[in-house]
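Data first, discussion second: the structure below is written as structure tokens.
Throughout, protein chains are lettered first and strands after them, A, B, ... in sequence-line order, and every chain is numbered starting at 1.
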Amino acid sequence: MRRSKALVPTLREDPADAEALSHRLMLRAGFVRQLAAGVYVYLPLGQRVLDKINAIIREEMNAIGGQEITMPVLHPAEIWRESGRWDAIGDEMFRLKDRYGRDMCLGMTHEEVVAWLAAREIRSYRDLPQIWYQIQTKERDEARPRSGVLRTREFLMKDSYTLDPDPEALDRSYAAHEGAYRKIFDRCGLRYHVVQSDPGMMGGLGSHEFMAPSAAGEDEIARCAGCGYAANVELARGVPAAPAPPAWARAEVATPGCRTIAEVSAFLAVDPRLTVKSLLYVAEAAGPVLVLVRGDHALHERKLARALGEEVRPAHPDEVREVLGAPVGSIGPVGARVPVLADEALRTGTYVVGANREGHHLTGVAAGRDFECRFADLHTVTPGEACARCGQPLAVERVIEIGNIFKLGTKYSVPLKATYLDEAGRERPIVMGSYGIGPARIAATAVEQGSDADGIVWPSTIAPYHVYIVVVGPHHEAQVAAAEAIYAACWSATPPLEALLDDRDERPGVKFKDADLLGIPVRVTVGNAFVKEGLVEVRARKTRQEARVAMDKVVEAARVLSALE
RNA sequence: CGGGGCGUAGCGCAGCCUGGUAGCGCGCACGGUUCGGGACCGUGAAGUCGGAGGUUCAAAUCCUCUCGCCCCGACCA
């Protein structure tokens with residue numbers, strides 16, 4: 001491709017609406033344009049990157065026996081009603097009616113369609129196992145699209161589904177996917193961790209997420225350098241260091257005007273770790289429950305929901321007063337006439353708690369002695385807490401979720417009647433797994449993890465082109481002829497080196513700046529050195545290592561440099 | 001859904017408080033001089049000031065409503 005003919009609209013300045021690094025660079029370098037909130041056009045370079053990523057995904061999925069299919073984006077409501085998700089899912093699903101008034105929706109995932117298909121086509125244990133996958137558009141009406149291409153309302157997803165006769169076979173399919181995913185992300189040049197994740201309220205037999213460290217990430221994981229334990233913070237358990245126990249008796253103290261942990265601990269001159277944060281939540285079925293975490297900790301609502309087995313919401317201030325007889329800043333577990341759920345960290349020690357009397361707190365209160373409660377892991381793990389397995393300190397990292405693998409079990413096969421006959425002629429539900437990868441997230445993550453002050457630095461495996469050829473003097477016939485020859489040589493090499501020729505009538509500086517911004521691994525410059533000595537410059541984008549070589553050595557030199565990553 | 005911010009030329013922004021003929025930089029077109037890290041000079045094209053309603057002799061500017069976009073939080077099967 002020649003730059004003079006290509007749609008590569010680079011921007012000199014940062015677009016105002018782009019915050020995340022990858023968003024800014026992908027806009028500036030002309031890879032994408034935004035049509036609406038969370039809806040993007042992929043321009044030629046962005047499309048080429050997606051194509052590269054998808055090709056890698058296909059190779060690795062095919063290698064574990066995956067069979068590519070394409071399922072519709074438009075779904076009848078019926079299958080979603082059968083699985084129960086038509087009602088379980090809220091505003092995140094795009095819903096519409098066809099001309100006859102029938103309910104339809106846009107697919108946010110495809111478990112229902114897979115189960116529908118399996119119900120029709122799988123009859124015998126001899127038909128199992130199966131791995132079906134697609135690379136297909138997903139539609140989700142995200143409450144808050146953000147960070148450019150990282151969280152969008154319409155996005156490409158590689159989703160695969162495994163069909164197995166029993167949980168043991170599912171384990172094998174699951175392990176095969178984990179292996180394939182590692183190969184995919186390795187080949188795409190990403191740094192990532194595989195972590196345990198929350199299988200969700202609906203049960204499930206286990207799940208992992210592939211998490212790539214990046215400041216633009218929306219999730220956090222805790223990792224132990226000692227034993228390798230790694231988990232999403234919505235799940236991660238840490239053991240916080242216990243504060244030195246003070247010698248205080250149980251007593252009520254006045255804390256006028258103190259509403260927050262910071263105010264109470266400052267007023268009483270007490271370490272915040274010796275205070276308890278009391279939070280009233282309302283569970284859908286069970287009603288109000290008083291939740292306790294240590295003053296310096298944050299409650300993780302997912303953990304709370306998991307501990308209670310149902311969804312929860314914070315109580316309104318007037319509900320707090322009604323239930324506990326005190327305002328939010330003064331509530332506590334002593335004398336509370338609601339169930340109390342306390343974080344594990346509060347099993348031992350004595351603490352300052354709200355007195356359920358406005359402007360008063362109690363000191364020296366111990367769980368189990370001064371009030372009854374149930375314990376659960378509720379607090380969000382903080383950096384430095386001890387690993388629950390080996391005791392080494394945990395690190396907490398911000399990450400982008402680039403893939404997940406999930407053991408579904410029979411959650412969809414039972415309601416959609418996807419069954420098979422086993423060796424004994426018994427009808428049994430198919431055991432399913434589902435596995436997702438976001439190609440656009442791979443691209444954005446590569447930008448996040450690889451760019452520098454001058455622009456993007458693509459891993460060569462997913463770069464839109466391998467070589468960027470700059471003609472310094474586009475009016476200099478010999479230079480143009482040489483550049484054209486190099487361009488042709490790149491494309492006709494085996495395997496081809498995909499080249500983009502910058503033949504525009506621009507000053508050299510503009511071309512160099514653009515070359516850096518686009519992040520193509522190797523730049524070839526035809527300029528003064530060619531005129532004087534017949535040599536061209538071959539330079540690596542990432543290392544900026546440069547060599548001057550003769551015309552007939554360009555392809556070889558470019559290959560060497562692009563391999564030096 | 002809660003909180004905050006922004007919509008003025010293709011892009012980035014000023015002008016708004018204090019109403020009075022819409023501006024700057026980049027980009028774009030043409031001419032000239034340049035030509036190895038986003039050149040310079042000259043000329044020029046280009047804007048329903050997001051939209052609707054209102055106040056006023058007069059609205060980009062003040063008021064009301066509305067649409068869109070961004071950020072923080074919540075949510076994310």
Distance, C1' atom - from B:G19 to B:A58, rounded to whole angstrom: 8 Å
Euclidean distance, atom CG of residue A:Asp91 to atom P of B:G2 [Å, nearest integer]: 13 Å
A:Arg153 CZ - B:C69 C1' separation (whole Å): 11 Å
Touch class at under 4.0 angstrom, heavy-atom based, for A:Glu92 against every strand present: sugar-phosphate
Test log, rule salt bridge (Lys or Arg N to Asp or Glu O under 4.0 Å), inputs A:Asp343 and A:Arg294: CA-CA 8 Å; A:Asp343 184 58; A:Arg294 213 170 71 183; over 6 Å; no
Sugar-phosphate only, base, or nothing, as touched by A:Ala143 at under 4.0 Å among non-hydrogen atoms: base
Selection from B:G12, B:C75, B:C70 that lies nearest to any side-chain heavy atom of A:Glu301: B:C75
Atom-pair distance (CD on A:Glu19; P on B:G4), nearest Å: 18 Å
Whole-Å P distance, B:C1 and B:A59: 35 Å
Heavy-atom closest pair, residues A:Ala20 and A:Glu448: CB-OE2, 4.0 Å
G-U wobble or Watson-Crick pairing nucleotide for B:G27 (cut-off 3.5 Å, both distances): none
Minimum side-chain heavy-atom gap A:Arg2-A:Glu484 below 4.5 Å: yes
Length of the line joining A:Leu35:CG and B:C69:P, which is rounded to integer Å: 9 Å
Atom pair CE (A:Met211) and CD (A:Glu220), whose distance is rounded to the nearest 0.5 Å: 10.0 Å
A:Glu218 CD: over 12 foreign heavy atoms closer than 6.0 Å: yes
Aromatic ring pairing A:His75/A:His110, orientation class (parallel under 30°, perpendicular over 60°, tilted between): perpendicular
Contact letters for nucleotides 27-40 of chain B, in which S counts primed atoms plus P, OP1 and OP2 and B counts the base, heavy atoms under 4.0 Å: S------BSBBBB-
Who pairs with B:A39 - Watson-Crick or G-U, where each distance is under 3.5 Å: B:U33
Spacing of the P atoms in B:C71 and B:G27 (rounded, Å): 28 Å
B:G51 versus B:G68 - spacing of their C1' atoms, nearest Å: 10 Å
Sugar-phosphate only, base, or nothing, as touched by A:Arg146 at under 4.0 Å among non-hydrogen atoms: base
Opposite nucleotide pairing with B:C49, Watson-Crick or G-U, both atom distances under 3.5 Å: none
B:U56 versus B:U66 - spacing of their C1' atoms, nearest Å: 23 Å
Worked verdict on A:Glu311 versus A:Arg302 for salt bridge (Lys or Arg N to Asp or Glu O under 4.0 Å): CA-CA 9 Å; A:Glu311 293 301 333; A:Arg302 294 300 314 160; 3.8 Å; yes
Protein-nucleotide distance (A:Glu284, atom CD; B:C75, atom P), rounded to Å: 13 Å
Sugar-phosphate only, base, or nothing, as touched by A:Glu111 at under 4.0 Å among non-hydrogen atoms: nothing
Complementary nucleotide for B:U21 - Watson-Crick or wobble, under 3.5 Å: none
Nucleotide B:C75, atom P - distance to NZ of A:Lys303 in whole Å: 14 Å
Pairing partner (Watson-Crick or G-U wobble, both distances under 3.5 angstrom) of B:A58: none
Nucleotide opposite B:C1 in a Watson-Crick or G-U pair, distances under 3.5 Å: B:G73
B:G68 - base-pair partner by Watson-Crick or wobble geometry, distances under 3.5 Å: B:C6
B:G23 versus B:A46 - spacing of their C1' atoms, nearest Å: 14 Å
Atom P, compared across B:G32 and B:C24: separation rounded to whole Å: 26 Å
Flag if over 12 foreign heavy atoms under 6.0 Å of CZ, A:Arg33: yes
Sugar-phosphate, base or nothing in reach of A:Ala18, heavy atoms under 4.0 Å: nothing
C1' spacing across the pair B:A45 / B:C30, given as an integer number of angstrom: 10 Å
Earlier contact from the 5' end, RNA chain B, for A:Asp219 and A:Ala20: A:Ala20
Interatomic distance where CG belongs to A:Asp17 and P belongs to B:G10 [whole Å]: 16 Å
Derivation and outcome, salt bridge (Lys or Arg N to Asp or Glu O under 4.0 Å), residues A:Glu533 and A:Arg548: CA-CA 10 Å; A:Glu533 308 165 63; A:Arg548 293 192 165 195; 3.3 Å; yes
Touch class at under 4.0 angstrom, heavy-atom based, for A:Ser147 against every strand present: sugar-phosphate
Residues, nucleotides or ligands: over 12 heavy atoms within 6.0 Å of A:Asp452 CG: yes
Rounded interatomic separation in angstrom, taking CG from A:Leu27 and C1' from B:C11: 11 Å
